[in-house]
Amino acid sequence: MVKPTPEDEAALDATKAPLLEHLVELRTRLIWAVVSFFVCFVICFFFASPIFTFLTRPLHHALAGRANDHLIYTALTEVFFTNVKIGAFGGLCLGFPAIAAQIWIFVAPGLYRHEKKAFWPFLAGTPVMFVLGAAFVYYLMLPLSIRFFTSFQTLGTTDAMGIQLQAKVSDYLDLVMTLIFAFGLTFQLPVVLTLLAKVGMVTVRALRDMRRYAIVGLFGLAAIFTPPDAFSMLSLAVPLVALYEVSILLVYFVERNRAKEDALRARESA
């Protein structure tokens, strides 16, 4: 763990305030976060149709030219509430920078200088990794999954009934949004581990020693966040294991840079 300097302690003491002031500040930040989400929700709900078209494009490409190249709904309110889900989904994604900024404004005064320095780049890197995970789902995993599962369709014959996909609006959108959130959140693994290394809570040796247990845990995490089939689970578990190995490399660079800085400070103080 990186020890704070006396200057850091003095700067942190200067930010201390009564509990009531912290609660008032927390309420203010929550209000601004909710307002940011609501504004983004309204915008995304208004553009729900083009967002829906974008999210259903992989399925449309897989079924192009077939009689079942469409989605169905079986409840009167299903499409409306699907648009509400799209609004909430888009509002959360679009409003994340503003929500994260409110979290930072509330948390930053209680951090030491070295903790702020360590935390800030990763706050900016979080949406990047989320977009990377979402792009992995949309452009690679989802088309392959749709192609695999639609391959079970069969044509009817005089001796056997055919099997044809009739996908529901809500079911398909729930699947896509679940996968995007699952991959977007789990792709934060390098961000989290590198941040913990920055503040001295994780080391390369510990990550290497825990590798076998981490792999088992990552496969279990993939089984929780993905639909109950081996293909989807492996589509998430394999990238997570790769990201864990990348995290070990990033933590190694963090430790090497810290060792250089400590050696430099030692020479300066000598």
Side-chain angles (χ1 to χ4, degrees), residues 26-64 68-106 123 126-146 149-150 164-188 221-229 232-233 235-236:
L26 177 61
R27 183 189 65 179
T28 302
R29 297 304 140 210
L30 288 175
I31 290 174
W32 278 110
V34 171
V35 169
S36 302
F37 168 76
F38 181 75
V39 170
C40 295
F41 166 79
V42 172
I43 294 173
C44 293
F45 181 78
F46 181 78
F47 291 100
S49 181
I51 295 175
F52 174 84
T53 300
F54 175 78
L55 293 177
T56 56
R57 192 167 295 158
L59 181 63
H60 172 59
H61 287 169
L63 299 178
N68 60 339
D69 183 17
H70 60 269
L71 293 171
I72 66 170
Y73 69 101
T74 58
L76 187 63
T77 59
E78 184 174 340
V79 175
F80 171 77
F81 283 111
T82 297
N83 289 339
V84 172
K85 289 180 182 179
I86 291 174
F89 169 77
L92 189 59
C93 295
L94 186 63
F96 175 80
I99 297 171
Q102 298 305 315
I103 296 174
W104 173 256
I105 292 171
F106 179 75
L123 188 63
T126 297
V128 175
M129 293 304 297
F130 185 91
V131 171
L132 183 62
F136 180 87
V137 171
Y138 185 83
Y139 292 105
L140 184 61
M141 183 262 184
L142 193 59
L144 292 175
S145 298
I146 291 175
F149 290 117
T150 54
Q164 188 180 54
L165 172 68
Q166 294 292 333
K168 288 183 62 178
V169 172
S170 59
D171 289 347
Y172 176 79
L173 265 297
D174 286 346
L175 174 64
V176 173
M177 290 187 289
T178 298
L179 289 175
I180 288 177
F181 272 121
F183 278 73
L185 292 177
T186 52
F187 266 52
Q188 305 302 320
L221 189 67
I224 293 173
F225 279 109
T226 56
D229 64 90
S232 298
M233 185 192 71
S235 297
L236 178 56

- Looking only at heavy atoms, which two atoms of Ala222 and Met233 are closest? And how far apart? CB-O, 3.6 Å
- Check: Gln166 side chain, Asn68 main-chain N or O, donor-acceptor pair, under 3.5 Å: no
- Mind checking the CZ-CG spacing from Phe52 to Leu71? Nearest 0.5 Å is all I need. 5.0 Å
- Which atoms form the tightest heavy-atom contact between Ala64 and Asp69, and what is the distance? CA-OD2, 3.8 Å
- Query: Quick one: which of Val176, Leu236, Thr178, Leu179 gives a side chain to side chain contact (heavy atoms under 4.5 Å, CB included) with Val137?
  - Reply: Leu179
- Give, for atom OH of Tyr138 and atom CZ of Phe54, the distance between the pair rounded to the nearest 0.5 Å. 4.0 Å
- What pair of heavy atoms forms the shortest contact from Ser170 to Glu78, and how long is it? OG-OE2, 2.8 Å
- Note on the structure: Shortest non-hydrogen pair, Gly87 vs Phe41, comes out as C-CD1, 3.2 Å
- Gap between atom CD1 of Ile43 and atom CZ of Phe38 - 0.5 Å precision: 11.0 Å
- Message: Can you confirm whether Thr82 sits close enough to Tyr172 that some side-chain heavy atom of one is under 4.5 Å from a side-chain heavy atom of the other?
- Response: no
- Are any of the side-chain heavy atoms of Met177 and Ile180 separated by less than 4.5 Å? no
- Would you mind reporting whether Asp174 and Lys85 have side-chain heavy atoms less than 4.5 Å apart? yes
- Query: Taking atom CG of Asp171 and atom CG of Leu175, what is their separation to the nearest 0.5 Å?
  - Reply: 9.0 Å
- Taking all non-hydrogen atoms of both residues into account, name the closest pair between Ile86 and Cys44 and its distance. O-CB, 4.3 Å
- Shortest non-hydrogen separation from Gly91 to Cys40 and the atoms involved: O-CB, 3.5 Å
- Note on the structure: The reported gap from CH2 in Trp104 to CZ in Arg29 (rounded to nearest 0.5 angstrom) is 13.5 Å
- Answer yes or no: are there more than 12 heavy-atom neighbours, outside Phe149 itself, under 6.0 Å from its atom CZ? yes
- Atom CG of Asn83 and atom CZ of Phe81: how far apart are they, to the nearest 0.5 Å? 11.0 Å
- Query: With a 4.5 Å heavy-atom cut-off, do Leu92 and Phe96 have their side chains touching?
  - Reply: no
- Is there a side-chain contact between Thr56 and Leu173 (heavy atoms, below 4.5 Å)? yes
- How are the rings of Phe45 and Phe80 set to each other: parallel, tilted or perpendicular (split at 30° and 60°)? perpendicular
